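A short write-up of the structure that comes next.
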Amino acid sequence: MSERSGRTTDTAAPLDRAAAVDAVDAVDSATEAFVAHRNLLFTVAYEMLGSAADAEDVLQETWLRWAGVDLDTVREERAFLVRIVTRQALDRLRTLSRRRESYVGPWLPEPLLTTPDVAEDVELADSVSMAMLLVLETLAPTERAVFVLREVFDLDYDEIAEAVGKSQAAVRQIAHRARAHVAARRPRGMASPAETRAALQAFQRAVETGDLQSLLDILAPDVVALSDGGGIKHALLRPIVGVGQVARLLAVGWWRRDADRSAEPVQINGGPGLLVRIDGEIDGVLAMRLENGYVTGVYHVRNPEKLSHVERETAVSR
């Protein structure tokens, strides 16, 4: 306060306003960066977890941590965000692994209704496919994170080392081990778009009509069928293997003739699938794995807790 005038001089207010403006600008910059990489971050989390719902939760946690970061200290926003999402996903993955031990029946990944452009990116489509996600389930959490970050998103070893809290030498060893593990189990002989459409149409006709011979013609000899009801909906409690058993199951088991059931051809996790409705309500998803023109895997998800991401398309990216 000035002794001559008897009035206070408010110098704090302009400083407060300037600080507020800077804070708003920082939030805007953080938001812009997060939104720009959101699809990538979701894809990283989803491939690590196999669950869209958990991936969304991880994105929320990632945003909360990202919003508190001093952006002036960040050299590469993409790498920094991937590091945050990886650490959050790893923490959640360890918890989920324990929960899945008590899961009722076979566990299948949460299906995504994907955009048409996903199938055009063969590597991306393969990485988010139901078959690949099941292979990734056989890896330890850190192995899964290293494999996803290196093989799918092509991160450098030093970036991966920071994300998983390991040395570069350790990460290289983990990557080599995970790569060999996945190579021995991953699907082979990717189908062309034309083969995929033809196989899906033939599969749909055969299932809807209960044509056993047509199913025998389209299914591979060692085809595997899995279904996931989560203990909520009726589903298989164990895998069914072999063309004869799977064909009979599809012909008489999964398609009740007394139900007002319809099937819509859709793209599920970058591959062919059918969105199944009963009385107009979504009842489940049939996703297929194709190799050399034959159906080698059928994945039937009926667990209602896993069907929220088949009502609208989900964007995934690398």
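Since this is a predicted model, take the numbers as computed values, not measurements. Sequence positions, counted from 1, serve as the residue numbers for this chain.
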Next item on the list: Mind running side chain to side chain contact (heavy atoms under 4.5 Å, CB included) on D217 and Q213 for me, showing each step along the way?
Entry: CA-CA 6 Å; D217 292 340; Q213 185 57 53; 3.0 Å; yes
Checklist line | Salt bridge R38-E56, side-chain N to carboxylate O under 4.0 Å | finding: yes
Item checked: Heavy-atom neighbours of E305 CD exceed 12 at 6.0 Å -> no
Margin query: Closer than 3.5 angstrom, by distance alone: can the side chain of S227 be matched with the main-chain N or O of H300 as a donor-acceptor pair?
Written below: no
Next item on the list: Quick one: do D228 and Y103 satisfy side chain to side chain contact (heavy atoms under 4.5 Å, CB included)? Show the steps, please.
Entry: CA-CA 10 Å; D228 179 347; Y103 197 79; 2.6 Å; yes
Notebook entry, point to check: Does any non-hydrogen side-chain atom of T73 lie less than 4.5 Å from one of F80?
Noted result: no
Checklist line | Heavy-atom closest pair, residues R144 and L93 | finding: CD-CD2, 4.1 Å
Notebook entry, point to check: Does a sphere of radius 6.0 Å around CD in Q168 hold more than 12 heavy atoms from other residues, nucleotides or ligands, not counting ones at 6.0 Å or beyond?
Noted result: yes
Margin query: So for atom CD, which belongs to E137, do other residues, nucleotides or ligands contribute more than 12 heavy atoms lying within a distance under 6.0 Å?
Written below: yes
Check: Near E76 CD, under 6.0 Å, is it more than 12 heavy atoms from other residues, nucleotides or ligands?
Finding: yes
Next item on the list: Could you check if a side-chain atom of R94 sits within less than 4.5 angstrom of a side-chain atom of D91, using non-hydrogen atoms only?
Entry: yes
Checklist line | Steps toward side-chain hydrogen bond (donor to acceptor under 3.5 Å, both in side chains) verdict (Y299, N269) | finding: CA-CA 12 Å; Y299 312 105; N269 289 61; over 6 Å; no
Next item on the list: Could you tell me whether the side chain of R289 and the main chain of V295 form a donor-acceptor pair under 3.5 Å?
Entry: no
Next item on the list: Evaluate whether atom NZ of K166 has more than 12 neighbouring non-hydrogen atoms of other residues, nucleotides or ligands under 6.0 angstrom away.
Entry: no
Checklist line | Flag if over 12 foreign heavy atoms under 6.0 Å of CZ, F42 | finding: yes
Checklist line | Side chains of E313 and T115, donor plus acceptor under 3.5 Å | finding: no
Item checked: T62: which of V44, I84, V82 passes side chain to side chain contact (heavy atoms under 4.5 Å, CB included) -> I84
